[in-house]
Structures are given as structure tokens and as C-alpha cells.
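Structure first, then comments.
Every number for a ligand or one of its atoms is a count from 1 in the order of the listing. The basis for the numbers below is simple: all heavy atoms, side chains too, and nothing from hydrogens, waters or symmetry mates.
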Amino acid sequence: MKKKVVLAYSGGLDTSCIVLWLAERGFEVVAFLADLGQQEDLKKLGERAKKIGAAKVYIKDLKEEFVQDFILPAIKANAVYENKYLLATALGRPLIAKYLVEVAHKEKAKYIAHGCTGKGNDQVRIELTANILDKNLEIIAPVREWEFKSREQEIEFARKRKIPLDVTRKKPYSLDKNIWGVSIECGALENPYKEPPQDAYQITRAPQDCPAKPKYIVLGFEKGVPVSIDAKKYRTQDLISRLNKLGGMHGVGRSDVVENRLVGIKSREVYEAPAGWIIHTAHKELEALVLDRELAHFKQGIDTKYGELIYYGLWYSPLKKALDGFIHQTQKRITGQVRLKLYKGSCICVGRKSPYSLYKEELATYTEKDKFDQKLAEGFIKLWGMPYKS
Ligand code: ARG
């Protein structure tokens, strides 16, 4: 009997070559395609896998699970890596790995395979997750061990073996896309001093090409979850898609980053996450209004850690689970509305309100409505400053 392997198949050059590479090494290949909202024709890509030599193809729509179980927790934790990356790719990997394991169990396969490079974070995320969920599965990472030294050599291999591909022209970038954002690297971006060429960006307009008039929106939240745009309720998935369109049109959500990869390399990457930045901006504003100072400050540290855990592939770790408990507790009153202004690449908050707001106008005001007892300040300062008095 042939050894069976479940491969995370994307339909691109690498994983297409891998189907054949594995088949030529005696494996029965089961190709797994996940729909995370990358807006590709997965049926067509599945047929491609079969043509190349996959024995079986699974196509799974994981959008709802991705949104509910991965993106929403990331929103509640304001999860971002090194202040600039909203973790679209990093959030998708543990989910893909979860299903690789599930399909492996269903198919009684002993192996899972992926097309990640040995220099990146994604291999770590997929393998770590698979190991946590089933330590007996063996992992094959062909890109780390095969003979091809360049993309050209792979294309040559694909041509010779008649692998159907649409690489008629050289693809200028390496892309990873899902509903939470786009990650773009390679090509012209490898020089960190060079401005990203216009064609690097996939879903956002350049500021100079944006509408001349700002767009105002009101984003509504319930318990930390974005639920409405301009008082109209949406399913989270649809809300994100809508904000991606709106934000993209106004140039919101670009970031140009030099980041620290897990494997110790610095890399230059460009990201787009219009909905992500809009939602994060609004969510943080609402937290600022509702959370008391101690909790708000403490949560910032937890949020940073949470983002790191996602980046490091530790989604299914005990610490991440424990932090979820904390974050859940902090979101109970994150309900309200945030007014935002989208304008030529920027997204700024111009108003916020909540039934749980801790902002008290009668304390903050400098008018005759003032209820703050200024006399109390004197004693407070004396006690507060006592230890420092010379
Ligand atoms: N550097 C990002 C991360 O580690 C994205 C990796 C995938 N990027 C890509 N362009 N294929 O999460």
C-alpha cells in the first residue's frame, strides 16, 4: 500500500510541483484546499491538483470559522506584531494545520506536507500546530529539501513534466491573501530602501488616487465584536468584506514593514488590511472610553504578548488559552459606537460613545458645570509625593 500524505495545496507553483514531487516518491497525495477568503477559484485549483497527480482533493470553506474563532479573538486582543502587521497570514496557518490533521485522520494518512520555505514563519506555525494536535503525524516540507535552487528551476521542472500553471510571465511578488489581509514580499520589495512599487498593493488605492472627500462611518460594537456599519447590522464576515472595500478605496490599511522573523532573519514585507486597521482603530478607542486606567494599561501588555503568540505559531498553546480568559473578561462592556473618518490613506477616530463609558463630562469640563472638587487635589498630591520629598 502506498504511503498517504495530506498536502496543504494553494494552487501555486510550489505546491503544484510538490504534488508531483511527492507522487514521484511513491506517495498517494491528498490535496487540501482551504477557503479563507482569498477569492480564488478553488474548484479550478482542485482540478489542477488532480491533473498533476493528486489522488483526492478536499476543498473546505473555512471563512466562518476563521472569522469567529481566529479573527474575532485577534480583534479583542488588538493583536498586531511589531506595531504594524495585523497577522492575516499568521492567523490563517493554525486553522489550515488543524484541518490538515483532521483530513489526515479521516484518510488514515500518516503524513502531512506543506509548501513553506525553510526561512519563514509559516513552516513553524503549521508544524507546531500539527505537533500539538497529533504528535504522531510526520511532516514533509519538500521546499526545505528538494533540489530546486530557484523559481526558474521549478518552472523548468513544471514545464518538463507538463504541470498546468498560469505562470506565463514572471510573478513579481509572493502573495498570501485572506479575508483579514494581504501579505506581499519578494521581488522589488527585497531592497528595504526602495519604495514599494504601485503594483505591489493588491486591494488598496494609493493616497493620491483616493477620493477627494473624506468618508465618515460609524462602526458599532457589542462586547468587543464589530456588528454594524452606520447602524446597519452585518454578519462579521460581511462586515469585514465591506470594510475592506471601503477602506481600500480610501487607501486605508497599508503598512511597509521590516520585521523580525522567528528564524532570526529580518525581512521586508508590505501588508494590506483595510478592514483590520479600521476595526482595530475603533476597538481601541472604545476600550479607551470604557476600561479603567489600570485594566487598560495592563491589557496593552497582554495584547502585545497575544500578537507575539500568534506570530510565533503558538495559537494552541496554554498561555494563549489563558490569555483568552483574561481578554474575554475585558470585553464585556466594549459596546458602543465609534465615528471614523477615512481619508487618503488615514483612518482616524473622530467620535466615540458607549453606555458603559467612564468618561464623565461633569468631571472633565472647565465650565460652570464642573463637579470636580479641586480642593481634594492638594491632599492627594501631598500623599502621592510624600516618598520623594527631600
Ligand atoms: N511575514 C508574514 C508572516 O510571517 C507573511 C508571510 C507570508 N507572506 C507571503 N508573502 N507569502 O506572517
[X] touching ligand 1 at heavy-atom level, < 4.0 angstrom:
X	answer
Tyr81	no
Arg93	no
Arg261	no

Indicate the ring-plane relationship of Phe157 and Phe148, choosing parallel, tilted or perpendicular according to the 30° and 60° boundaries.
tilted

To which protein heavy atom is [atom] closest, and what is the distance rounded to 0.1 Å?
atom	value
atom 9 (C) of ligand 1	Glu185 OE2, 3.2 Å
atom 2 (C) of ligand 1	Tyr271 OH, 3.1 Å
atom 4 (O) of ligand 1	Asn121 ND2, 2.7 Å
atom 12 (O) of ligand 1	Tyr85 OH, 2.5 Å
atom 5 (C) of ligand 1	Glu269 OE2, 3.2 Å
atom 11 (N) of ligand 1	Ser174 OG, 3.1 Å
atom 7 (C) of ligand 1	Asp122 OD2, 3.6 Å

Would you check if there is a donor-acceptor pair between the side chains of Glu107 and Tyr58 at a distance under 3.5 Å?
yes

Between the CD1 atom in Ile334 and the CD1 atom in Ile327, the distance rounded to the nearest 0.5 Å is 12.0 Å

Does Tyr111 have any ring pair (Phe, Tyr, Trp, His ring centres under 6.0 Å) partners at least two apart in sequence or in another chain, and if so, which?
Phe27

Identify the two heavy atoms, one from Leu42 and one from Ile59, that lie closest to each other, and give their separation to 0.1 Å.
O-CD1, 3.4 Å

Heavy-atom donor-acceptor pair, Glu82 side chain to Asn260 backbone, under 3.5 Å
yes

Residue from Glu287, Lys284, His280 passing side-chain hydrogen bond (donor to acceptor under 3.5 Å, both in side chains) with Asn78
Glu287

So among Lys332, Arg333, Lys233, which one has a salt bridge (Lys or Arg N to Asp or Glu O under 4.0 Å) with Glu222?
Lys233

Here the atoms of ligand 1 under 4.0 Å from any heavy atom belonging to Arg125 are 3 (C), 4 (O), 12 (O)

